[in-house]
Amino acid sequence: NRQENNMGPVDWFGRTMVANLPKDYRVGVINVSVAGAKIELWQKDIYTNYLNSAASWMKNICKQYEGNPYQRLVEMAKIAQKDGVIKGILLHQGESNSSDTNWPAKVKGIYDNLMKDLDLNPKDVPLLAGELKSQEEHGVCFRFNTNILAHLPEVLPNSHIISSKGVQGTPDQFHFNTAGMRELGKRYAIQMLKLEGIEFKEVDRPGLLPVPAPPAAAASITPPASA
């Protein structure tokens, strides 16, 4: 994860997973993300065509991944495979491809490359893709959810759509607020747990310390009146 990243859905995803799994289970998440990027940035054979014409700030983000986010994802995943098992892929992207009807096919191509590069069996590795900010929350790209994202399972049967309905957003047209990020992350986890055959149980503040009780009111002592 990049140091400047704010909270994303992955935080509450991990906490919710841990809270619902047996105590001896461990959950790790590899976060390779580039703000505002099109899905083309993860197409390993042509990503340079997109990156070469990208804004300087995006190029600077990619420099943190040695200029190749897809390759960094693969490298980190191979490290994870030394001690663990990759159980799924989380995806939340689309604003920059909000009218691209070829987006599902592009995602399928990236998924296929990951399966090959990491020697994974697609039957064992679902892809969970989250919706963008909803129309009810004034998301400017809400049509992506029904016009494009909804068709992903048609080309990638092992994909699952995570609803953003009712997920709270910030005043802008794109982003979720903190409560929304937590809710979306929880929804990713609920779907992942379901796929693993584990019943989801709501946990208050998963992975966080309990809210401290307010301090007790100090007792007041009134001195006796003087004679």
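What you see is a predicted model, and the numbers here were worked out from it, not measured in a lab.
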Tell me if a side-chain donor or acceptor on [X] pairs with a main-chain N or O of [Y] at a distance below 3.5 Å.
X      : Y      : answer
Tyr111 : Pro126 : no
Lys59  : Asn52  : yes
Asn102 : Ala105 : no
Tyr65  : Ser33  : yes
His92  : Ala129 : no

Identify whether the distance between the nearest side-chain nitrogen and carboxylate oxygen of [X] and [Y] falls below 4.0 Å.
X      : Y      : result
Asp100 : Lys106 : yes
Glu202 : Lys186 : yes
Asp112 : Lys108 : yes
Arg182 : Asp11  : no

If we ignore angles and hydrogens, is there a donor and acceptor under 3.5 Å between the side chains of [X] and [Y]?
X      : Y      : value
Asn97  : Glu40  : yes
Tyr70  : Asp117 : yes
Trp103 : Gln93  : yes

**Request:** Step through the shown structure and confirm whether more than 12 heavy atoms of other residues, nucleotides or ligands are within 6.0 Å of NZ on Lys87.
**Result:** no
**Asked** How about Asp119: does its CG atom have over 12 heavy atoms from other parts shown lying under 6.0 Å from it?
**Response** no
Just wondering, do [Y] and [X] contact through their side chains at under 4.5 Å, heavy atoms?
X      : Y      : value
Met17  : Phe13  : yes
Glu196 : Asn20  : no
Leu184 : Ile162 : yes
Ile46  : Tyr50  : no
Leu128 : Ile161 : no

**Message:** Show every side chain to side chain donor-acceptor pair (under 3.5 Å) that has at least one partner inside residues 145-156, sequence neighbours left out.
**Reply:** His151-Glu154
Heavy-atom closest contact ([X] atom, [Y] atom, distance):
X      : Y      : answer
Leu41  : Cys62  : CD2-SG, 3.8 Å
Leu132 : Gly94  : CD1-C, 3.7 Å
Ile148 : Thr101 : CD1-N, 4.2 Å

**Asked** Is Leu193 linked to Tyr25 within one hydrophobic cluster, defined over Ile, Leu, Val, Met, Phe, Trp and Tyr using a side-chain heavy-atom separation of less than 4.5 Å?
**Response** yes
Cut-off 3.5 Å, no hydrogens considered: what does the side-chain donor-acceptor table look like for residues 73-86, sequence neighbours left out?
unit_1 : atom_1 : unit_2 : atom_2 : d
Gln81  : NE2    : Leu118 : O      : 3.1

